[in-house]
Every structure is written in structure tokens, then in C-alpha cells.
Chemist: 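Can you keep this structure in mind? I'll have questions shortly.
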Amino acid sequence: MARIDLRGDALPEGSALRDLLPRADFDVQAALEKVRPICEAVHHRGDAALIDYAEKFDGVRLESVRVPARALAEALEQLDPAVRAALEESIRRARLVHREQRRAAHTTQVVPGGSVTEKWVPVERVGLYAPGGRSVYPSSVIMNAVPAQEAGVASMALASPPQKEFGGLPHPTILAACALLGIDEVYAVGGAQAVAMFAHGTESCPPANMVTGPGNIWVAAAKRYFTGKIGIDTEAGPTEIAILADETADPVHVASDLISQAEHDPLAAAVLVTDSVELADAVEKELEPQVAATKHIEDRIVPALSGRQSAIVLVDGVDEGLRVVDAYGAEHLEIQTADAAAVADRVKNAGAIFVGAWAPVSLGDYCAGSNHVLPTGGCACHSSGLSVQSFLRGIHVVDYTRDALAEVAHHVVTLAEAEDLPAHGAAIKARFGWKVPESK
């Protein structure tokens, strides 16, 4: 792994510090023009376009994009019992956490006779996307479906790429996860065309109000293309881990956690921020045997760890390390320092924070109860991960009596006239015979 030495000199501020840190190349804007014709083809040709793209990109000719109910039932019946038990426990823990996130309506009595209530209403229909490229992610089905269900979303559909080896169906573990969650509307559609299907609707699939779920750059570009027409969670980029560690950290743990993210994708980012050269040296020494002992070495792990997006960043102390990780805004941030909980409490920017040696990112990926659909590419500086709130809309309900309006009418008229919007003021005056009541 490359090293970036930020010791000695004062750390720069803001974007100057961010520019010193490693980051993957992920040009969504460049991909946008390539997905545009796909999205338009789905708009104009519906299911026929989806079937053609399945043949072109996935190597399989489908008769229908809708997955039959019997395929979902069979996938669950044939699921390895140990995998089923693990998925069920993941679902149970995710429900425990996400159920607590639902907000209740709240009414503020502004004045006697005048109130504003904020009520929370779920979006009506959501399209969920589960990737199916290098890896299969039934865990992502859980992380998207559970918060939507706990939010009260009434209509939910899932799309995942067709797999040639499974007769054009999505991977059976994806289908089994859908069955466990009670999702019976599933489509064998991948990539940008899946986002377009949910955005426009086709003969088989009604349009959705929102699309969520991780995917490759083409999925991210399609989300950007449809922003404004539909709601999205985030334009997910390559996964990333940052670890803030000091001399108390175990290099075996740190190395294994860096590798665990690197195995996702050759663009995955693995960043260690430390004030201990001894730890940095020990981690690099530990990486070699651990990488050699695992899978996906040449196609994912080695390119990820050696790529420009990964590095060991040396700093003068934990305080400086905190400034670095806050500037980086990692999707996953591990704190492996002395008094890790206190250090974690000082973090401002991260998708999710993992405290101490016994809360690795792998736990959060599956069974912590937290959500693993998180902002990437520094977006944790302004955005949150997926939650129940992602699927809820806050609506203000304004309820005023005549007397309550009369009390504030002169202020409304004054502000309307100050903004040169006299009709706004007239709408108030009309209610009182065109004479503004005097303030009491």
C-alpha cells in the first residue's frame, strides 16, 4: 500500500486536506451519457427493451422479466439451512434497530388557535435494486427492504440481474431473501435498465416513487439521470473503509479489515490513518500472508490495496487523525485506538462508525442491526445512510382559527408588501373585509 506522510507540518483546511487523501476515480457524469439511450429505450419500448438488454449484457434471452412466484418459493425451499438461519437473524436484528427509527407526528401550538403538525408519510411505492455482478448480496436485499417495510411503504418491488447459469433468474439466494422478507414482486433486470424500469414503468412493472440500493457506475449514473423524477438514496460509488488506529491496535485485526473491503471490487478503498509507524509496518507485514490465504486476490484485492484509492496515512496524533478521517468522510470508519468510544464520539463525518476491536465492518455488513447502505466518495460529509427516514416524507399541516390569523395578519401583509407580492397580502385582507385587523 502507498504511504502518505502528513506528519510535521500543520494540516491544511477543508478541500486542501481532502485533496491530499486517496480516492477512487468514479466519474458518474461521464457514464451519464452512456446510460441515457438505455433509459430512453426502456421509456419507449418497455419490457421489449428490458429483454433485449438482458440478452446483450447478461447473455440470456428472457420470455418475461417478472420472476414467477414458484421460483421464489423454490429458492427458499432449497436454501442452505445455515444461510437461512443467518439471513433470518440479520432480518431480526435489522428490524429491532429500524423499528425504533419511525417518527411520530408532532403538533406545535404556535399560538392559541394556531398549530403546525408535522406528520410523517411513507412513499407509496419503492423499487429496490440488488446487485448481481462480482458478488451476490442477499444482505443488501435486507438492508433496503427492512427500513422500507418499517416505514410503512405499501408497495415494494425488487430488481436484480438475470443469471445465465440459473436460467435467466436472479441468483437463488437473492430470491430466497425476497421470500423471507415477503417481497413477491421481483424482476430479472439489472443495471441502468432496472432503474429506468422503476422510473418510467413498463407493461410488467408499475412506476415507483423512489429507487434505492447499491450498484455499479451504470446504476449510479441512471439514478442521477432520473433525479427529480424519482427519489433516490444515493449515487453509491466503490465501497471504502477508513481505520483510525494507534499503537494499541492489533495489526492482525487491522490488516484483515482492510482486506475485507478490498475483496469487494478492484476500486474498493482501504485507508489506514495512524500515528504509529510501528503499527503501519506491522500491518503491511501482516497483509502479505492474509492476502495469500484468501480468494479474489488478483482480480480484486491486490488492485484495490495497490490502487490510488488506498493508502496508509501517517499523522502526528489521534487529534490529527480525527481531522483526516473527518475530511475523508468514509463510508465505514473503524476506531481502533485507546478509549475508542470517546474518540468515536468526536467523529463528525462517517457513514457508520465501528468502535473498538470487536465491532468490525463485517459485523455491520450482516448482523449488527445497523444499515450497510451508506454514503461513499466523501458524501458522508453531507448525507446519511439508508434508514426508515429515507422512506418517509415530513408534511406540515397548518391549522389556524380566524382569531389566530387575525392576530398575525398585519405581519403577513407587511412581509408580502416588502417582497412586492401584493396578492399575498390581499389573500389575507379578503378574509377580513379587506381591512387588516389591528394587532392586539
Chemist: Under a 3.5 Å distance rule, please check whether N216 uses its side chain to pair with a backbone N or O of W218 as donor and acceptor.
Modeler: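 Such a contact is found between N216 side chain and W218 backbone.
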Chemist: Would a 4.5 Å heavy-atom cut-off, applied to side chains only, mark R7 and V277 as touching?
Modeler: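 Of all side-chain heavy-atom pairs linking V277 with R7, at least one is under 4.5 Å.
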Chemist: Which heavy atom of T248 sits nearest a heavy atom of T337, and at what distance?
Modeler: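 Heavy atoms of T248 and T337 come nearest at OG1-C, 3.5 Å.
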Chemist: What I'd like to find out is whether the side chain of T239 reaches to under 4.5 Å of the side chain of I241, using heavy atoms alone.
Modeler: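 With C-beta onward as the side chain, the pair stays apart.
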Chemist: Does V388 offer a backbone N or O that forms a donor-acceptor pair with the side chain of Q101 under 3.5 Å?
Modeler: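 Indeed, once roles are kept as given, a pair shorter than 3.5 Å links the two residues.
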Chemist: Are side-chain heavy atoms of V373 and T212 found at a separation under 4.5 Å?
Modeler: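 They are not in contact (no side-chain heavy atoms under 4.5 Å apart), so the answer is no.
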Chemist: Do you know which two heavy atoms are closest between Y129 and P161, and how far apart they sit?
Modeler: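 Here Y129 and P161 meet closest at OH-CG, 3.5 Å.
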Chemist: When you measure from the side chain of R23 to the backbone N and O of Q309, does any donor-acceptor pair fall under 3.5 Å?
Modeler: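 No.
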Chemist: Got a donor-acceptor contact below 3.5 angstrom from the Q163 side chain to the G132 backbone?
Modeler: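 Yes; judged by distance alone, with no hydrogens or angles, the pair exists.
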Chemist: Could you go through I51 and V65, starting from their C-alpha distance and side-chain angles, then the distance that decides it, and tell me whether this counts as side-chain contact (heavy atoms from CB on, under 4.5 Å)?
Modeler: CA-CA 7 Å; I51 290 169; V65 295; 4.1 Å; yes
Chemist: When rounded to the nearest 0.5 angstrom, what is the spacing between CG in D250 and CD in Q336?
Modeler: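 Reported value, rounded in 0.5 Å steps: 8.0 Å.
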Chemist: I'd like to know if the side chain of R393 reaches the main chain of P122, judged simply by a donor and an acceptor atom lying under 3.5 Å from each other, with no hydrogens or angles considered.
Modeler: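 Here the side-chain-to-backbone pair exists.
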Chemist: If you round to the nearest 0.5 Å, how far is CD1 of I353 from NE2 of H332?
Modeler: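 Between atom NE2 of H332 and atom CD1 of I353 there are 12.5 Å.
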Chemist: Counting the benzene-type ring for Trp, do H253 and W358 have ring centres under 6.0 Å apart?
Modeler: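 Yes, the ring of H253 comes within the 6.0 Å limit of the ring of W358, centre to centre.
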Chemist: Give the minimum heavy-atom separation between A368 and G364, together with the two atoms involved.
Modeler: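 In this case the closest contact between A368 and G364 is CB-CA, 3.8 Å.
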Chemist: Would you say C367 and S90 make side-chain contact, with heavy atoms under 4.5 Å?
Modeler: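 Answer yes - side chains close enough.
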Chemist: Can any side-chain N or O of D52 pair as donor or acceptor with the backbone N or O of E55 at less than 3.5 Å?
Modeler: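 No, the answer is negative, given that no donor and acceptor are paired below the 3.5 Å cut-off.
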Chemist: Validate the cation-pi geometry between R93 and Y366: distance from NZ or CZ to the six-membered ring centre under 6.0 Å, angle to the ring axis within 45°.
Modeler: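 Cation-pi check for R93 and Y366: fails.
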Chemist: A quick test of your reading: do over 12 heavy atoms of other residues, nucleotides or ligands sit less than 6.0 Å from CZ of R308?
Modeler: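 Not buried by this count: 12 neighbours or fewer within 6.0 Å.
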Chemist: Quick one: does any side-chain atom of T274 pair with a main-chain N or O of A280 as donor and acceptor, under 3.5 Å?
Modeler: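 Checking the backbone N and O of A280 against the side chain of T274, no donor-acceptor pair under 3.5 Å is found.
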Chemist: Minimum heavy-atom separation for L158 to C178, with atom names?
Modeler: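 That closest heavy-atom pairing would be CD2-SG, 3.8 Å.
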Chemist: Would you call I91 and R95 a side-chain contact if the rule is heavy atoms closer than 4.5 Å?
Modeler: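 A side-chain contact exists here, since the closest heavy-atom pair is under 4.5 Å.
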Chemist: E320 side chain to L6 main-chain N or O, any donor-acceptor pair under 3.5 Å?
Modeler: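 No: the side chain of E320 does not pair with the backbone of L6.
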Chemist: If only atom types and distance count, is the side chain of E150 paired as donor or acceptor with the main-chain N or O of S387 below 3.5 Å?
Modeler: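 Side chain of E150 to backbone of S387, a donor-acceptor pair under 3.5 Å: no, none is there.
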Chemist: Which atom pair, heavy atoms only, marks the closest approach of A54 to L62?
Modeler: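 Here A54 and L62 meet closest at CB-CD1, 3.9 Å.
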Chemist: With a 3.5 Å cut-off and sequence neighbours excluded, list the donor-acceptor pairs that the side chains of residues 189-206 form with protein atoms.
Modeler:
residue, atom, partner, partner atom, Å
Q193, NE2, G190, O, 3.0
T202, OG1, D47, OD1, 2.7
T202, OG1, S204, N, 3.3
T202, OG1, C205, N, 3.3
E203, OE1, D47, N, 2.8
S204, OG, D47, OD2, 2.4

Chemist: Does any part of the side chain of V153, heavy atoms only, come nearer than 4.5 Å to the side chain of V123, both counted from C-beta?
Modeler: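 V123 reaches V153 side chain to side chain.
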Chemist: Do Q78 and E74 meet the criterion of a side-chain donor-acceptor pair at a distance under 3.5 Å?
Modeler: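 No, no side-chain donor-acceptor pair sits under 3.5 Å.
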Chemist: Mind checking the CG-CG spacing from L20 to D5? Nearest 0.5 Å is all I need.
Modeler: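 L20 atom CG to D5 atom CG measures 11.5 Å (nearest 0.5 Å).
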Chemist: Can you tell me how far apart OG (S370) and NE2 (H98) are? Round to the nearest 0.5 Å.
Modeler: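 Atom-to-atom, S370:OG and H98:NE2 are 7.5 Å apart.
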Chemist: Applying ring pair (Phe, Tyr, Trp, His ring centres under 6.0 Å), name anything that partners Y225, two or more places apart in sequence or on another chain.
Modeler: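 Checked Y225 against ring pair (Phe, Tyr, Trp, His ring centres under 6.0 Å); zero matches.
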Chemist: Within the 4.5 Å heavy-atom criterion, are P170 and V67 side-chain neighbours or not?
Modeler: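 In short, these two side chains touch, coming nearer than 4.5 Å.
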Chemist: Quick one: CG on L72 to CG on L175, what's the gap to the nearest 0.5 Å?
Modeler: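 So the CG of L72 and the CG of L175 are separated by 5.5 Å.
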Chemist: Rounded to the nearest 0.5 Å, what separates atom CG in N371 from atom CG in D365?
Modeler: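 If we round to the nearest 0.5 Å, N371:CG and D365:CG are 10.5 Å apart.
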Chemist: Using a 6.0 Å cut-off, check whether atom CD of Q109 has over 12 heavy atoms from anything other than its own residue.
Modeler: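 Atom CD in Q109 is crowded, with more than 12 foreign heavy atoms closer than 6.0 Å.
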Chemist: Side-chain contact test, heavy atoms from C-beta onward, threshold under 4.5 Å: evaluate it for V271 versus E240 and give yes or no.
Modeler: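 Contact flag for V271/E240 side chains = no.
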Chemist: Is a salt bridge present between E263 and R300, judged by a nitrogen-to-oxygen distance below 4.0 Å?
Modeler: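 Not counted as a salt bridge, because no side-chain N and carboxylate O are separated by less than 4.0 Å.
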Chemist: Measure across F354 and P360 and return the closest heavy-atom pair with its distance rounded to 0.1 Å.
Modeler: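 Nearest heavy atoms, F354 then P360: CD2-O, 3.6 Å.
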Chemist: Using 4.0 Å as the upper bound for N to carboxylate O, is an ion pair formed by K223 and D233?
Modeler: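 Salt bridge present between D233 and K223.
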Chemist: Would R103 and E118 pass as an ion pair if we require N to O under 4.0 Å?
Modeler: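 Judged by the 4.0 Å cut-off on N to carboxylate O distance, R103 and E118 do not form a salt bridge.
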Chemist: Distance-only, no hydrogens or angles: does the R125 side chain make a donor-acceptor pair with backbone N or O of P207 under 3.5 Å?
Modeler: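 Yes, R125 side chain to P207 backbone: donor-acceptor pair under 3.5 Å.
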